[in-house]
Amino acid sequence: MTEQIERRVLEVQAELRAAPDKTISGYAARYGILSHPLGLRDGKRFKERISPGAFRSAIAGKQDTLMLVNHDPKQMLGRVSSGTLKLSEDAKGLAFRCALPNTQLGNDTHEMVKRGDLNSCSFSFVMGNRDESWDEEDEDEDDEDLGLN
């Protein structure tokens with residue numbers, strides 16, 4: 001069976017920040033926030049929430065995660081195995097800090113984050129069967145407590 005790479009785009013404030021030392025930091029994923037409608041399951045569109053601890057084993061195992069521009073492996077900004085990308089989790093979600101390369105891509109990315117032109121993140125993952133669970137929720141459920149304040 002071929003693993004399918006899933007991609008998610010955060011449409012909430014990603015809290016990206018550019019520091020003078022040419023690093024950027026923020027959240028690649030946030031916990032507990034109901035997504036926009038995604039693909040089909042049993043003929044219905046579905047939404048999802050990422051549960052706290054979803055990235056625990058990847059962080060603990062120092063999974064060689066890459067930070068890319070537009071999910072393009074030719075546009076790498078940092079990676080865990082080289083120490084240029086640090087991942088951690090807290091109550092809000094999967095946090096990152098990336099030391100950007102001294103390249104045109106790194107410099108452009110730093111400037112766009114600093115100016116606010118680049119202000120969101122997305123992430124991709126491969127999900128094993130043990131990692132998913134399905135629950136019905138009321139369609140009118142409100143997501144007031146997004147932890148954004």
Side-chain angles (χ1 to χ4, degrees), residues 2-41 44-128 131-133 137 139-149:
T2 305
E3 294 179 329
Q4 182 176 340
I5 296 176
E6 302 276 342
R7 288 194 174 99
R8 300 295 183 265
V9 177
L10 291 179
E11 295 198 18
V12 297
Q13 178 58 33
E15 298 181 32
L16 277 174
R17 293 175 291 284
D21 64 354
K22 263 191 55 181
T23 62
I24 58 173
S25 60
Y27 287 89
R30 297 287 304 271
Y31 297 141
I33 298 172
L34 192 61
S35 74
H36 291 283
L38 300 172
L40 293 174
R41 179 175 170 91
K44 296 186 215 173
R45 285 221 167 282
F46 68 91
K47 297 179 182 183
E48 67 183 8
R49 291 182 200 273
I50 300 171
S51 298
F55 304 101
R56 188 173 299 135
S57 65
I59 294 169
K62 298 192 186 310
Q63 180 177 323
D64 192 18
T65 304
L66 307 177
M67 183 166 187
L68 308 171
V69 175
N70 293 320
H71 300 272
D72 182 351
K74 295 177 184 170
Q75 296 189 68
M76 187 181 330
L77 295 172
R79 78 185 304 158
V80 167
S81 66
S82 70
T84 56
L85 175 61
K86 307 280 187 203
L87 300 175
S88 62
E89 62 179 342
D90 60 21
K92 288 184 181 180
L94 177 64
F96 71 88
R97 181 174 184 81
C98 185
L100 297 172
N102 187 21
T103 62
Q104 189 68 48
L105 179 65
N107 295 331
D108 289 352
T109 300
H110 186 262
E111 184 64 21
M112 289 190 301
V113 171
K114 191 166 74 173
R115 289 174 18 151
D117 297 332
L118 183 57
N119 65 2
S120 62
C121 291
S122 61
F123 66 100
S124 63
F125 59 97
V126 175
M127 186 166 62
D131 297 326
E132 67 178 308
S133 64
E137 289 189 13
E139 189 64 31
D140 295 327
E141 185 171 327
D142 194 347
D143 280 330
E144 291 179 17
D145 185 16
L146 298 179
L148 299 177
N149 298 339

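Residues that satisfy the salt bridge (charged side-chain N to carboxylate O under 4.0 Å, His left out) test with Asp90, not counting sequence neighbours, are absent from this structure. Applying the salt bridge (charged side-chain N to carboxylate O under 4.0 Å, His left out) criterion to Lys114, with sequence neighbours excluded, gives Glu111. Annotation: side-chain hydrogen bond (donor to acceptor under 3.5 Å, both in side chains) contacts of Lys22 (sequence neighbours excluded): Asn107. Looking at residues two or more places apart in sequence or on another chain, you find a salt bridge (charged side-chain N to carboxylate O under 4.0 Å, His left out) between Arg115 and Asp117. Every residue two or more places apart in sequence or in another chain that forms a side chain to side chain contact (heavy atoms under 4.5 Å, CB included) with Ala99 is listed here: Thr23. For Pro101, the side chain to side chain contact (heavy atoms under 4.5 Å, CB included) partners two or more places apart in sequence, or in a different chain, are Leu77, Thr103. Taking Asp108 as the reference, Gln104 meet the side chain to side chain contact (heavy atoms under 4.5 Å, CB included) condition, with sequence neighbours excluded.
For residues 61-76, the salt bridge (charged side-chain N to carboxylate O under 4.0 Å, His left out) pairs, not counting sequence neighbours, are Asp64-Arg79.
Leu87 has its side chain within reach of Thr65: a pair of non-hydrogen atoms, C-beta onward, lies under 4.5 Å apart. A heavy-atom distance below 4.5 Å is found between the side chains of Glu89 and Ile59. Between Met67 and Met76 there is no side-chain heavy-atom pair separated by less than 4.5 Å. The side-chain heavy atoms of Cys121 and Phe96, taken from C-beta on, include a pair separated by under 4.5 Å. Contact of the Tyr27 side chain with the Lys92 side chain is registered, since non-hydrogen atoms from C-beta on lie closer than 4.5 Å. When side chains are defined from C-beta on, Leu94 does not count as touching Phe123, because their heavy atoms never get closer than 4.5 Å.
Summarising the geometry, atom OG belonging to Ser25 is positioned 14.0 Å from atom NZ belonging to Lys86; distances are rounded to the nearest 0.5 Å. Distance check, rounded to the nearest 0.5 Å: CD1 of Ile50 to CG of Leu34 gives 11.0 Å.
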Taking it one step at a time, do Ile24 and Thr109 satisfy side chain to side chain contact (heavy atoms under 4.5 Å, CB included)? CA-CA 9 Å; Ile24 58 173; Thr109 300; 4.3 Å; yes

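When all heavy atoms of Ala54 and Tyr31 are compared, the closest pair comes out as N-OH, 4.1 Å.
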